[in-house]
Novice: 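Mind looking over this structure? Questions follow.
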Amino acid sequence: MRDAYHEELDSISDSLVEMARLVGSAIGRATTAMLDSDLKLAENVIEADQRVDELQHELEARAIALLARQQPVATDLRIVVTSLRMSADLERSGDLAQHVAKLARLRYPDRAVPSDLHATILEMGQLAQRLMAKAAEVIITKDVDLALQLEQDDDEMDLLHRTLFQHLMDDRWKHGIETAVDVTLLGRYYERFADHAVSVAKRVVYLVTGEHADELQTEAQPEIQAVPGAESA
């Protein structure tokens with residue numbers, strides 16, 4: 001019975017990894033559809049999100065069944081509850097990738113992104129995919145140090161997001177209000193996608209240690225040493 005129980009726990013983890021890989025692929029393909037005005041690819045991304053939703057529903061059903069049958073405590077309870085929260089993060093990530101693809105479909109055969117912002121959007125899409133790939137690795141390895149790195153990696157996405165706004169606020173912006181709204185939405189989709197990848201990693205930290213990632217990072221910060229003679233300066 002215990003072997004079957006732990007196999008079910010492992011299957012929940014496997015589903016999380018599959019979800020992370022699917023949504024990581026989705027954001028990469030949605031970005032390509034956006035920049036290349038590829039309607040067929042955009043439609044594929046939109047349709048494929050159904051599989052992510054199915055995985056979340058299946059995971060929720062297994063987790064609830066485990067809670068009812070096994071009444072787990074301590075670490076096992078933390079695994080089940082945290083997995084439910086991670087699945088919600090990953091499902092929302094899939095929705096965000098779908099939003100990018102839907103915007104590509106909405107503007108077809110035109111492109112929502114002006115040529116002078118292609119490089120920035122491409123970089124945001126690639127970074128989002130890398131962050132989610134790292135989140136999947138964290139789920140597999142339970143590597144706390146790697147999980148804590150994701151928040152630092154996310155700083156790069158924040159910088160790219162600010163770069164978009166600098167373009168939008170520039171007096172030389174010549175692409176009109178509709179394109180400005182599209183670019184604003186895209187920036188938000190990528191920024192939120194990255195936040196969900198970070199959230200997944202933080203939840204793994206809690207799963208492994210029982211402590212929140214923010215608390216661990218605060219504890220790890222070195223104390224500021226007093227400079228000799230500073231008091232008399």
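Along the sequence shown, the residues carry numbers beginning at 1. Computed from a prediction, not measured in an experiment: that's the story for all the values here.
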Novice: Mind checking who shares a hydrophobic cluster with Leu39, ILVMFWY linked at side-chain heavy-atom distances under 4.5 Å?
Specialist: Tyr108
Novice: Quick one: does Ser83's side chain get under 4.5 Å of Leu16's, heavy atoms only?
Specialist: yes
Novice: With no hydrogens and no angle check, is any side-chain donor or acceptor of Ser25 less than 3.5 Å from a backbone partner on Leu22?
Specialist: no
Novice: Could you state the interatomic distance from CG (Leu41) to CG (Asp36), rounded to the nearest 0.5 Å?
Specialist: 8.0 Å
Novice: Less than 4.5 Å apart, any side-chain heavy atom of Arg105 and any of Glu43?
Specialist: yes
Novice: Can you name the closest pair of heavy atoms from Arg21 and Ile140 and give their distance?
Specialist: NH2-CD1, 3.4 Å
Novice: Taking Glu91 for its side chain and Asp53 for its backbone only, find out whether a donor-acceptor pair lies under 3.5 Å.
Specialist: no
Novice: Could you go step by step and tell me if Asp143 and Glu137 meet the side-chain contact (heavy atoms from CB on, under 4.5 Å) rule?
Specialist: CA-CA 8 Å; Asp143 187 329; Glu137 185 179 352; over 6 Å; no
Novice: If you look only at pairs with a residue in residues 77-90, which of them pass as a salt bridge (Lys or Arg N to Asp or Glu O under 4.0 Å), with sequence neighbours excluded?
Specialist: Asp89-Arg203
Novice: Could you tell me if the side chain of His196 sits less than 4.5 Å from the side chain of Leu90, heavy atoms only?
Specialist: no
Novice: Heavy atoms only: give me the nearest Ala20-Met132 pair and the separation to one decimal.
Specialist: O-CG, 3.2 Å
Novice: Do the rings of His99 and Tyr189 sit parallel, tilted or perpendicular, given the 30° and 60° boundaries?
Specialist: tilted
Novice: Are Tyr206 and Val73 linked, directly or through intermediate hydrophobic residues, by side-chain heavy-atom contacts shorter than 4.5 Å (ILVMFWY only)?
Specialist: no
Novice: Test Tyr190 against every option in Ile27, Leu131, Leu160 by the side-chain contact (heavy atoms from CB on, under 4.5 Å) rule and name the one that passes.
Specialist: Ile27
Novice: Do Val45 and Leu127 share a hydrophobic cluster (ILVMFWY, side-chain heavy atoms under 4.5 Å, transitive)?
Specialist: no
Novice: Are any non-hydrogen side-chain atoms of Glu18 and Asp14 less than 4.5 angstrom apart?
Specialist: no
Novice: Can you confirm whether more than 12 heavy atoms, excluding those of Glu58, are under 6.0 Å from its CD atom?
Specialist: yes
Novice: Met34 versus Leu103: any side-chain heavy-atom pair under 4.5 Å?
Specialist: yes
Novice: Begin from the C-alpha positions of His175 and Asp116 and carry the test side-chain hydrogen bond (donor to acceptor under 3.5 Å, both in side chains) through to its verdict.
Specialist: CA-CA 10 Å; His175 305 293; Asp116 52 331; 3.2 Å; yes
Novice: Is it the case that more than 12 heavy atoms not belonging to Leu159 sit under 6.0 Å from its CG atom?
Specialist: yes
Novice: Find the distance between CG (Leu168) and OG1 (Thr184) and round it off to the nearest 0.5 Å.
Specialist: 4.5 Å
Novice: What I'd like to find out is whether the side chain of Asp95 reaches to under 4.5 Å of the side chain of Val52, using heavy atoms alone.
Specialist: no
Novice: Which heavy atom of Pro109 sits nearest to which heavy atom of Ser37, and what is that distance?
Specialist: O-OG, 3.1 Å
Novice: List, by chain and then residue number, the residues other than Met169 in its hydrophobic cluster (Ile/Leu/Val/Met/Phe/Trp/Tyr, side-chain heavy atoms under 4.5 Å); write none if there are no others.
Specialist: none
Novice: Step by step, would you call Ser11 with Arg62 a side-chain contact (heavy atoms from CB on, under 4.5 Å)?
Specialist: CA-CA 9 Å; Ser11 76; Arg62 289 201 303 272; 3.3 Å; yes
